[in-house]
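Here the structure comes first, spelled out in structure tokens, and everything after it is commentary.
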There are 2 protein chains.
Amino acid sequence: MSTADSPRAHHHGNLRAALIDAGIGMLEAGAPFSLRAVAREVGVSQTAPYRHFPDKQRLEAAMATRGFRDLQSRLEVVIGRQGGSRTPLADLALAYVRYAVGSPALYRLMFGQPCGDDDERLSASAEVFGLIEQVVASGYPGADPHGLATAGWALAHGLASLHLDGKLLGTGDAGLDARVRGAFAALLAAGQSASSSS
Amino acid sequence: MSTADSPRAHHHGNLRAALIDAGIGMLEAGAPFSLRAVAREVGVSQTAPYRHFPDKQRLEAAMATRGFRDLQSRLEVVIGRQGGSRTPLADLALAYVRYAVGSPALYRLMFGQPCGDDDERLSASAEVFGLIEQVVASGYPGADPHGLATAGWALAHGLASLHLDGKLLGTGDAGLDARVRGAFAALLAAGQSASSSS
DNA sequence: CACTAATGTATTCACTGTAAACTTTAGAGC
DNA sequence: GCTCTAAAGTTTACAGTGAATACATTAGTG
């Protein structure tokens, strides 16, 4: 039955994916994350990962890529549901921030370093942006889609990042939803009052 | 003349500050940043830093604190200058993002990890937020100051962070200013058009 | 001028990322 | 079925790291 501890010593079968899984798991569990520890977890020698990743950064890049894809599918679910919402951007941001709070360590990895090192990673993050742009285009006709999508992404990411770093004082995970909606509402409201004075 | 290589071996005089300086310098120069390397740079034994910082994280926290104070003074200059600007928040955000671009490595350190570990660091970042709140209060009367300041900070930080990570595709340091102003403008404009449909 | 606390040093340990050389296995071609 | 080769994994080794411990030097106070 068990295929895990069968005696075929070499050829794990799917080491690459197993390393990514274990890496994310350990990171999120707060366990010390090192190449050796990941290899140990998977039950393989400490240099085996080098057959699949040229160095540690590339493993991290692969983990980050997976994170972006997860995030993307979460956002797609929200987009599928929002039938003519009054606040489509804030809805999306809410799901975005919730993902970050649910996987804080991976989220930090995703945004902790430039992603010029890995094409897959870059395209995965670009797809997330594309999703935001799509929501903007259909939800805010007449607006500059690129500019507004950039603003929306930055605002969501900023809120997520500041919250994870404990810089949104007095905001627990519970009050975060309100804070996100409040931030969008405040900025939009400021736009309204500005229109009357120009 | 030289006080640097005078024969007083022990008692550097101001090791703590020297370590912070050297640490920031090496970080920003892209040099490998380790406790030992910093100690070497300052010309002191590899365990000497432990007399002033309990561990590496605390040195980093002190460096981050210095970063926040620098950022604060930059923002204060901008605030002093903006006499009735039409876009006070965007002005502030511009200075904020410019600081991040000017000290990318330190900026990443400032926001890379929770700052619950260090009181000084926490209060330094809180003071930056206070500055933003002040601008909001005087520039946007009638708006929720806390909510709008949070939104402004998050938007600025998000833009800075995404840019540093290379996720704002097709935006060099040159086009960044326009991107920042564009993001604020787009969000405010979306607020205007929303007011006509509610 | 002696004594004590502050400051810096020397030594050591477990751990990390990674390079190099070796071994085992899976599967293609005869 | 047998061999040969490339892929996948192992062993060993090395330099660098954060940190703990024990020791040495100095600055100032009494």
Side-chain angles (χ1 to χ4, degrees), chain A residues 2-27 29-64 105 108-109 112-114 117-118, chain B residues 3-27 29-64 105 108-109 112-114 117-118 121:
Chain A
S2 80
T3 62
D5 51 358
S6 68
R8 57 165 146 76
H10 283 226
H11 289 79
H12 173 107
N14 204 357
L15 222 203
R16 200 191 134 93
L19 289 170
I20 296 175
D21 283 347
I24 293 180
M26 298 172 70
L27 203 69
F33 172 69
S34 70
L35 259 193
R36 292 161 107 106
V38 174
R40 222 175 291 137
E41 175 83 9
V42 173
V44 99
S45 86
Q46 66 191 16
T47 51
Y50 285 95
R51 288 292 143 188
H52 299 270
F53 304 97
D55 56 26
K56 194 191 183 190
Q57 279 209 359
R58 290 312 197 103
L59 205 211
E60 291 175 345
M63 290 162 57
R108 254 194 272 267
L109 192 73
Q113 64 215 33
D117 51 355
D118 190 285
Chain B
T3 62
D5 51 357
S6 67
R8 57 165 146 78
H10 283 226
H11 290 80
H12 173 108
N14 205 357
L15 223 201
R16 198 191 135 93
L19 290 170
I20 296 177
D21 282 347
I24 293 180
M26 297 173 71
L27 204 69
F33 172 68
S34 70
L35 260 191
R36 293 160 106 109
V38 174
R40 222 174 292 135
E41 176 83 9
V42 173
V44 99
S45 86
Q46 65 191 17
T47 49
Y50 286 96
R51 289 292 143 191
H52 298 270
F53 304 97
D55 56 28
K56 194 190 183 192
Q57 279 210 358
R58 290 313 196 103
L59 204 212
E60 291 175 346
M63 290 161 58
R108 254 195 272 267
L109 192 73
Q113 63 215 32
D117 51 354
D118 191 287
R121 176 181 184 168

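In what follows, chains are A, B, ... by sequence order, proteins preceding strands, each numbered from 1. In what follows, every heavy atom counts, from backbone to side chain, and hydrogens, waters and symmetry copies are set aside.
- Between the C1' atom of C:dT16 and the CZ atom of A:Phe33 lies a distance of 12 Å, rounded to the nearest Å.
- With sequence neighbours left out, B:Gln46 forms a side-chain hydrogen bond (donor to acceptor under 3.5 Å, both in side chains) with B:Arg36.
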List, one per line, each side-chain donor-acceptor pair under 3.5 Å for residues 47-57 of chain A, sequence neighbours excluded.
| unit_1 | atom_1 | unit_2 | atom_2 | d |
| --- | --- | --- | --- | --- |
| A:Asp55 | OD1 | A:Gln57 | N | 3.3 |
| A:Asp55 | OD1 | A:Arg58 | N | 3.1 |

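- Checked against C:dT18, D:dG9, D:dA19, the side chain of A:His52 finds its nearest nucleotide in D:dG9.
- Residue B:Phe53 contributes atom CZ, which lies 16 Å from atom C1' of D:dA19 at whole-angstrom precision.
- With sequence neighbours excluded, the residues satisfying salt bridge (charged side-chain N to carboxylate O under 4.0 Å, His left out) with A:Arg108 are A:Asp165.
- At whole-Å resolution of the value, CG in A:Asp55 and C1' in C:dT18 are 9 Å apart.
- Near DNA chain D, meaning a heavy atom under 4.0 Å from it, residues 37-47 of chain B has B:Arg40, B:Gln46, B:Thr47 in order of number.
- Closest contact between the side chain of A:Arg51 and the listed nucleotides D:dA8, D:dG18, C:dG8 involves D:dA8.
- Rounded to an integer number of Å, the gap from CZ of B:Arg36 to C1' of D:dA19 is 9 Å.
- What separates CZ of A:Arg58 from P of C:dG17 is a distance of 17 Å, to the nearest Å.
- Rounded to 10 degrees, the angle separating the terminal axes of the helix from C:dC1-D:dG30 to C:dC30-D:dG1 is 0°, with each axis obtained from five end pairs.
- A:Ala17 pairs by the side-chain contact (heavy atoms from CB on, under 4.5 Å) definition with A:Asn14, not counting sequence neighbours.
- The distance between atom CG of B:Asn14 and atom P of C:dT7, rounded to the nearest whole Å, is 11 Å.
- Atom OH in B:Tyr50 sits roughly 4 Å away from atom P in D:dA19 (whole-Å rounding).
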